[in-house]
**Q** 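One structure coming up, written as structure tokens, with questions to follow.
Chain letters run A, B, ... following the sequence lines, proteins first, then strands; residues in each count from 1. Values reported hereafter were calculated over all heavy atoms of this structure, with side chains retained and with hydrogens, waters and symmetry mates removed. What you see is a predicted model, and the numbers here were worked out from it, not measured in a lab.
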2 protein chains.
Amino acid sequence: MFEPSTLKDIAKALGLSTSTVSRALRDTHEISPETKKIVLEYAEKINYRPNPIALSLKERRSKSIGVIVSEVANHYFSQAINGIESIAYSRGYHVIITQTHESYEREKANIQHLASRSVDGLLVSLSAETSDTSYLQSLHKRGLPMVFFDRVADDIETHKIIANNEKGAFEATEYLIKKGCKRIAHLTSSAHLSISIERLEGYKQALEKYGLPFNQDYVKYCPHGGMFYEETETAVKELMALEEKPDAIFIAGDRLSIGCLVVLKNLKINIPEDINVTGFSNSDVLDLFNPPLTSVRQPAFEMGQIATEKLIKLIESKYPVYEFEKEVLETSLQVRDDL
Amino acid sequence: MFEPSTLKDIAKALGLSTSTVSRALRDTHEISPETKKIVLEYAEKINYRPNPIALSLKERRSKSIGVIVSEVANHYFSQAINGIESIAYSRGYHVIITQTHESYEREKANIQHLASRSVDGLLVSLSAETSDTSYLQSLHKRGLPMVFFDRVADDIETHKIIANNEKGAFEATEYLIKKGCKRIAHLTSSAHLSISIERLEGYKQALEKYGLPFNQDYVKYCPHGGMFYEETETAVKELMALEEKPDAIFIAGDRLSIGCLVVLKNLKINIPEDINVTGFSNSDVLDLFNPPLTSVRQPAFEMGQIATEKLIKLIESKYPVYEFEKEVLETSLQVRDDL
DNA sequence: TAAATCTATGCAATCGTTCCCGGCTAGCTT
DNA sequence: AAGCTAGCCGGGAACGATTGCATAGATTTA
């Protein structure tokens with residue numbers, strides 16, 4: 001079943017050699033116009049398509065890039081993926097998407113699977129659980145091109161595309177402060193993630209600017225990025241059990257933001273009466289939420305595009321690249337006040 | 001850069017032939033235990049991994065399956081993809097996801113790209129725009145295994161996994177009727193999609209059972225599945241411009257349901273005062289919406305799993321398969337009343 | 001003791017494609 | 001007329017892995 005035609009088939013049918021057929025199809029100058037015409041017409045007729053696997057073997061590249069994200073069911077990542085695809089397909093590259101579900105083990109397995117399947121490069125956003133990136137290091141040292149986006153590994157020298165997390169976090173916290181909140185908690189993903197560190201920093205800076213004290217008890221981490229309901233629930237409960245209950249929460253991630261709203265609803269904690277909330281999210285439908293959630297939005301699509309462009313440039317570079325850039329894109333605060 | 005080691009490298013280093021090395025690694029009985037040990041240890045040391053591309057060329061299969069959905073940023077599809085991955089990876093298959101964004105052209109391009117990249121099989125959910133499936137037909141005739149899920153092509157003989165759309169639609173409509181609605185509109189995707197036809201049928205049956213008249217003006221199609229805001233907006237506006245305004249809308253899809261809520265909000269049409277709404281959706285956070293949306297939920301994860309199992313069975317079958325099944329899974333009505 | 005069997009290994013073809021190299025036949029130059 | 005070049009084409013190696021067959025030496029058997 002399903003036996004695609006090969007060069008050899010054409011050669012046999014036309015009484016030519018495979019090399020002639022190959023050259024005719026690739027439009028080399030050393031094939032006579034008549035032969036070319038015959039070959040092209042026959043190839044068209046039997047709908048010949050070169051076998052990409054054979055090509056990959058010969059060219060030692062697969063024209064495909066691997067993408068590692070925590071999950072596609074995340075507004076930020078699904079938008080970033082659209083950006084990635086838009087560039088990749090226009091440049092003739094395949095996109096293979098894998099999900100870590102915030103698990104280090106799955107991340108490692110997926111990436112090694114991709115690398116051994118000969119993807120030409122990797123677009124990586126680390127999982128929440130990942131703190132050890134040595135396996136990535138070794139792939140990188142062996143010359144596999146990779147570009148990080150969103151959640152980057154600081155100890156690997158390559159291109160990185162991130163949002164201005166500090167400023168985004170600053171603005172979100174400032175927004176809460178200007179609404180009159182005094183005790184602002186911070187719910188975030190795992191502590192070693194680059195985005196967690198940067199967003200925490202922005203949060204701290206806003207507190208400092210407005211003369212509010214920083215209280216470590218107000219910072220709650222979710223090592224699994226809120227993949228389990230219980231994780232988020234515990235964090236919220238701990239916050240609400242504090243002697244000095246927070247009057248606001250700034251949330252550092254897309255999944256976490258929505259997860260936190262669910263928890264608050266289930267715990268019958270009302271927004272904004274009992275507590276104010278704002279967070280990072282790229283969801284388009286936050287307006288529909290009750291109450292609407294003011295959010296920090298990242299330029300996900302553009303981040304995906306830029307990361308892919310840089311990756312393809314790395315892949316197609318004739319010489320090893322040693323100059324790497326960290327591109328920082330601005331976020332935007334989407335104010336949704338329940339007036 | 002990045003030159004993985006090959007059988008030849010090992011053979012040369014150890015003074016053996018590639019065939020011996022190959023056999024030693026595959027643990028054939030005809031290699032002496034000592035040789036095996038030496039080869040295995042050396043392979044381990046240099047971290048040898050067989051080149052999957054060379055293997056694909058030889059075995060004439062790639063151990064990868066292609067998935068075609070409208071978009072991953074859709075709760076139904078992202079859950080289905082998780083189901084697909086869970087089975088595929090456990091069976092050693094790669095998953096390549098492509099998005100059509102409801103466009104026929106992109107669907108065709110993606111599928112032909114996948115087929116020419118030698119995926120071993122296809123998991124297909126048709127785009128809203130697709131009515132001509134002849135290009136799929138021809139691939140199928142040439143022997144490429146494929147399984148449809150959710151949005152199926154009736155004229156292609158293969159396995160199909162769908163939800164009980166008729167019953168789901170019936171229950172949703174019935175729910176609206178029991179709430180007292182008399183003029184129930186139906187907002188749906190493009191008319192030729194299998195799910196549209198089945199859901200319309202369930203809607204009609206509910207109307208009939210409860211003695212309500214069927215009015216064609218109350219049925220609005222979105223040929224692009226609501227990919228553009230304007231498309232949904234126009235449909236809703238047309239409904240609300242009718243002489244006998246509907247007092248409820250039953251919506252036939254995930255994206256459409258959420259899109260419709262956004263439109264209603266922007267048009268300042270209030271739920272449930274001005275109109276009642278219910279629809280198909282697999283979103284986990286509908287509870288957070290204002291007002292909450294009662295929805296029909298499909299067993300997306302299971303559908304993905306079953307489709308993948310059947311596809312792999314097709315792929316690995318030694319003989320051509322002519323007996324195909326249509327598996328129908330039950331939906332569940334998630335009642336969310338704003339009491 | 002010679003033949004048969006067995007063990008351990010190497011050779012070479014194969015998958016589909018590209019490309020280097022070399023050969024042949026014109027036609028052109030001197 | 002002999003040599004040269006250009007145009008056109010085929011042969012075969014290579015990419016990395018598997019595998020049927022051949023073959024070497026060692027061992028067993030009649």
**Q** Does A:Lys45 come within less than 4.0 Å of A:Glu41, counting only side-chain N to carboxylate O?
**A** no

**Q** Respond yes when some side-chain nitrogen or oxygen of A:Thr18 is under 4.0 Å from OP1 or OP2 of D:dG10, and no when none is.
**A** no

**Q** Between atom NZ in A:Lys8 and atom P in C:dT14, what is the gap in whole Å?
**A** 7 Å

**Q** Which part of the nucleic acid does A:Ile31 contact within heavy-atom distance under 4.0 Å: base, sugar-phosphate only, or nothing?
**A**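 Result for A:Ile31 = sugar-phosphate.
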
**Q** Distance check: side-chain N/O of B:Ser32 vs OP1/OP2 of C:dT9, anything under 4.0 Å?
**A** yes

**Q** Answer yes or no: are there more than 12 heavy-atom neighbours, outside B:Glu44 itself, under 6.0 Å from its atom CD?
**A** no

**Q** Roughly, in whole Å, what's the span from CD in A:Glu34 to P in D:dC8?
**A**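 Roughly 8 Å, once rounded to whole Å.
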
**Q** Kindly say if B:Ser17 contacts the phosphate of C:dG10, meaning a side-chain N or O under 4.0 Å from OP1 or OP2.
**A** yes

**Q** Has the side chain of A:Arg23 got a donor or acceptor atom sitting under 3.5 Å from an opposite partner on the base of D:dG7?
**A** no

**Q** Round to a whole Å and report the spacing from NE2 of A:His29 to C1' of D:dC9.
**A** 13 Å

**Q** For D:dG11, does the base pair up with any side-chain atom of A:Ser19 as donor and acceptor (N or O, under 3.5 Å, distance only)?
**A** yes

**Q** Under 3.5 Å, is there any donor-acceptor pair linking the side chain of A:Glu30 to the base of D:dC9?
**A**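 Yes, a donor-acceptor pair under 3.5 Å.
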
**Q** Without decimals, in angstroms, what is the distance between B:Lys36 NZ and C:dT7 P?
**A**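 Whole-Å distance recorded here is 12 Å.
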
**Q** Check whether any side-chain N or O of A:Arg26 sits under 4.0 Å from OP1 or OP2 of C:dC19, and answer yes or no.
**A** yes

**Q** Mind running a 4.0 Å heavy-atom check of residues 38-57 of chain B against DNA chain D and sending the residues that fall below it, in number order?
**A** B:Tyr48, B:Arg49, B:Pro50, B:Asn51, B:Ala54, B:Leu55

**Q** Rounded to the nearest Å, what distance is computed from the CZ atom of residue B:Arg61 to the P atom of nucleotide C:dG16?
**A**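 The answer, rounded to whole Å, is 15 Å.
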
**Q** Using OP1 and OP2 only, check whether a side-chain N or O of A:Arg60 sits under 4.0 Å from D:dG16.
**A** yes

**Q** How long is the line joining CD of B:Glu59 and P of D:dT18, in whole Å?
**A**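 Nearest whole value for this atom pair: 8 Å.
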
**Q** Salt bridge or not between B:Arg151 and B:Glu102? Use side-chain N to carboxylate O under 4.0 Å.
**A**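 The answer is yes: the pair qualifies as a salt bridge.
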
**Q** Find the distance B:Lys12:NZ to C:dT9:P and express it as a whole number of Å.
**A** 20 Å

**Q** Using side-chain heavy atoms (C-beta onward) and a distance below 4.5 Å, is B:Tyr93 in contact with B:Ile87?
**A**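 No. Closest side-chain heavy atoms not under 4.5 Å.
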
**Q** Between B:Glu71 and A:Asn82, do the side chains contain a donor N or O and an acceptor N or O under 3.5 Å apart?
**A** no

**Q** So which nucleotide from D:dT19, D:dG16, C:dT17 ends up closest to the side chain of B:Thr6?
**A**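 That would be D:dG16.
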
**Q** In this structure, how many angstroms lie between the C1' atom of D:dG16 and the CG atom of B:Leu25, rounded?
**A** 13 Å

**Q** Give the minimum heavy-atom separation between A:Leu57 and B:Ile53, together with the two atoms involved.
**A** N-CG2, 3.6 Å

**Q** Considering the options A:Thr100, A:Thr98, A:Thr130, which one meets the side chain to side chain donor-acceptor pair (under 3.5 Å) requirement together with A:Glu107?
**A** A:Thr130

**Q** Test your reading of the model: is there a side-chain donor-acceptor pair from B:Ser134 to the backbone of B:Gln137, 3.5 Å cut-off?
**A**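 No, the answer is negative, given that no donor and acceptor are paired below the 3.5 Å cut-off.
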
**Q** The side chain of B:Lys58 is closest to which nucleotide in this list: C:dG10, D:dC8, D:dT18?
**A** D:dT18

